[in-house]
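Scope of the values below: all heavy atoms of this structure, side chains included, with no hydrogens, waters or symmetry mates. A, B, ... follow the sequence lines: proteins, then strands. Residue 1 opens every chain.
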Amino acid sequence: MLGSRRNRKRLDEEEADIDVTPVMNVFLVIVLLLLISFSFFNLKAINTSVPVLANSEVVAAPGSDIRLTVIVEIEEKGIRLAALSDDADAETLKRLGTYFSKESAPNYPLDKLSSYLQTLKTKYPKSDTVIIIPEGSIVYDTIIQTMDVARYSKDVQLFPHVVISGKVS
Amino acid sequence: MVDIFTFLLIFLLASFSDHVARFSIDGSVSLPKSAAKSDFKDNIRIVVSENTVWLGQDVIAQVKDGAVVGLDVNKPKSSVLYHKLVQCRQKAEQSTTDTKEKNLILFLCDKRLSFKTINSIIKTAGLAGFPNFQFGVLKK
């Protein structure tokens with residue numbers, strides 16, 4: 001009597017086990033497929049261009065707001081900002097220029113640059129182009145960091161069109 | 001075993017991307033990190049390390065003391081890089097792909113290089129008919 005009860009219990013336990021072999025086979029195939037397409041470096045891209053000679057006529061839409069082109073010069077000792085525009089007068093453009101010194105810090109004051117660019121964008125929302133002019137000794141990593149700051153600020157688009165240029169002396 | 005597979009599957013699914021780099025970059029090239037989100041177009045690829053410049057898989061020039069050997073900044077049209085890029089442009093013009101896409105260069109550059117080195121290459125590329133670039137970066 002006791003033996004038959006034990007046998008019944010063992011039988012119930014065996015029936016309760018799930019056969020995982022088909023699931024494992026599916027998992028194995030999916031894992032293999034994903035491993036094949038796995039990228040060990042997640043590569044992204046920043047679109048940019050160099051200045052080109054163009055004969056196109058820039059026609060401003062009537063009644064449009066001022067469209068600025070912001071110039072960011074990365075120098076050894078700091079970042080110099082200036083603005084260009086066909087729609088604004090020279091005095092206004094002169095007032096928009098500024099300089100952020102590195103002072104004794106090893107890194108560039110990119111947070112100051114970011115907040116200044118945000119102010120410019122708020123004031124002139126139609127502006128979308130930034131020209132980055134680094135000095136010859138500036139390392140590529142600094143240029144990319146400056147581009148990041150100029151393009152976006154906390155997912156808010158600032159100046160998405162980046163043009164990179166060497167300094168014309 | 002099922003647990004291990006499940007974890008592996010979740011990890012791989014989370015890092016899955018349909019835009020995978022199908023090329024390898026020399027180990028000496030250390031790409032900068034960026035918050036950029038755009039995908040790259042692998043049309044024409046220029047890789048610049050601290051010592052070498054590659055165009056696709058081919059070594060085009062050496063870099064010495066921050067200058068590209070054989071690339072005179074005042075006469076970039078006489079360089080091998082310029083001629084190879086002109087060939088690439090002519091080949092791309094014959095293909096049926098979108099014009100905007102085929103005139104794009106994917107530029108993978110070591111983060112420690114100076115702008116002086118990079119500028120000489122992008123200037124040459126601009127003269128060869130490639131004024132638009134994509135700077136390849138690693139996702140932050």
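A:Asn47 is not listed as a side-chain neighbour of B:Phe133, based on a closest heavy-atom distance of 4.5 Å or more. Side-chain contact check for A:Met147 versus B:Phe135: some heavy-atom pair is nearer than 4.5 Å. Under the 4.5 Å side-chain criterion, counting only non-hydrogen atoms from C-beta, B:Ser34 is in contact with A:Ile46.
The structure places OH of A:Tyr140 at 9.5 Å from CG of B:Leu113, a figure rounded to the nearest 0.5 Å. Here the straight-line distance linking atom CD1 of A:Ile138 with atom CG of B:Asn119 works out to 12.5 Å at 0.5 Å rounding. To the nearest 0.5 Å, the span separating OG on A:Ser49 from CG on B:Leu104 amounts to 10.0 Å. Between atom CG of residue A:Asp141 and atom CG of residue B:Asp110 there is a gap of 9.5 Å, rounded to the nearest 0.5 Å.
Heavy atoms from other residues, nucleotides or ligands lying under 6.0 Å from NZ of A:Lys77 number 12 at most. Taking a 6.0 Å sphere around NZ of B:Lys84, one finds it holds 12 or fewer heavy atoms contributed by other residues, nucleotides or ligands.
Cluster annotation: B:Leu127 is not connected to B:Ile122 through the hydrophobic network of ILVMFWY side chains, with a link wherever side-chain heavy atoms come within less than 4.5 Å. If you chain together hydrophobic residues whose side chains sit under 4.5 Å apart, A:Leu28 and A:Leu34 fall into the same group. Note on A:Phe159: it does not cluster hydrophobically with A:Tyr152, by side-chain heavy-atom contacts below 4.5 Å among ILVMFWY residues. A:Val139 and A:Ile79 fall into different hydrophobic clusters, where Ile, Leu, Val, Met, Phe, Trp and Tyr side chains are chained together by heavy-atom contacts under 4.5 Å. A:Phe100 and A:Ile131 end up in different hydrophobic clusters when Ile, Leu, Val, Met, Phe, Trp and Tyr side chains are linked at under 4.5 Å.
In terms of non-hydrogen atom pairs under 4.5 Å with chain A, the most contact-rich of B:Gly66, B:Ala125, B:Gly126, B:Pro32 is B:Pro32. Contact count against chain B (heavy-atom pairs under 4.5 Å) is highest for A:Thr48 among A:Val31, A:Val20, A:Thr48.
Of all heavy-atom pairs between A:Gly136 and B:Ser114, the closest is O-CB, 3.3 Å.
Heavy-atom distances place both the backbone and the side chain of B:Lys37 under 4.5 Å from chain A. For chain A, the nearby parts of B:Thr6 are the backbone and the side chain; heavy atoms of each come within less than 4.5 Å. Proximity to chain B is limited to the backbone of A:Glu135, based on heavy atoms less than 4.5 angstrom apart.
Contact check on A:Lys44 versus B:Asp39 returns a salt bridge, with a Lys/Arg side-chain nitrogen under 4.0 Å from an Asp/Glu carboxylate oxygen.
Among the candidates A:Thr142, A:Ile164, A:Ile74, A:Ile132, the single residue satisfying the side-chain contact (heavy atoms from CB on, under 4.5 Å) test with B:Phe115 is A:Ile164.
The aromatic rings of B:Phe5 and A:Phe27 lie parallel to each other, their planes meeting at an angle below 30°, with 60° marking the opposite boundary.
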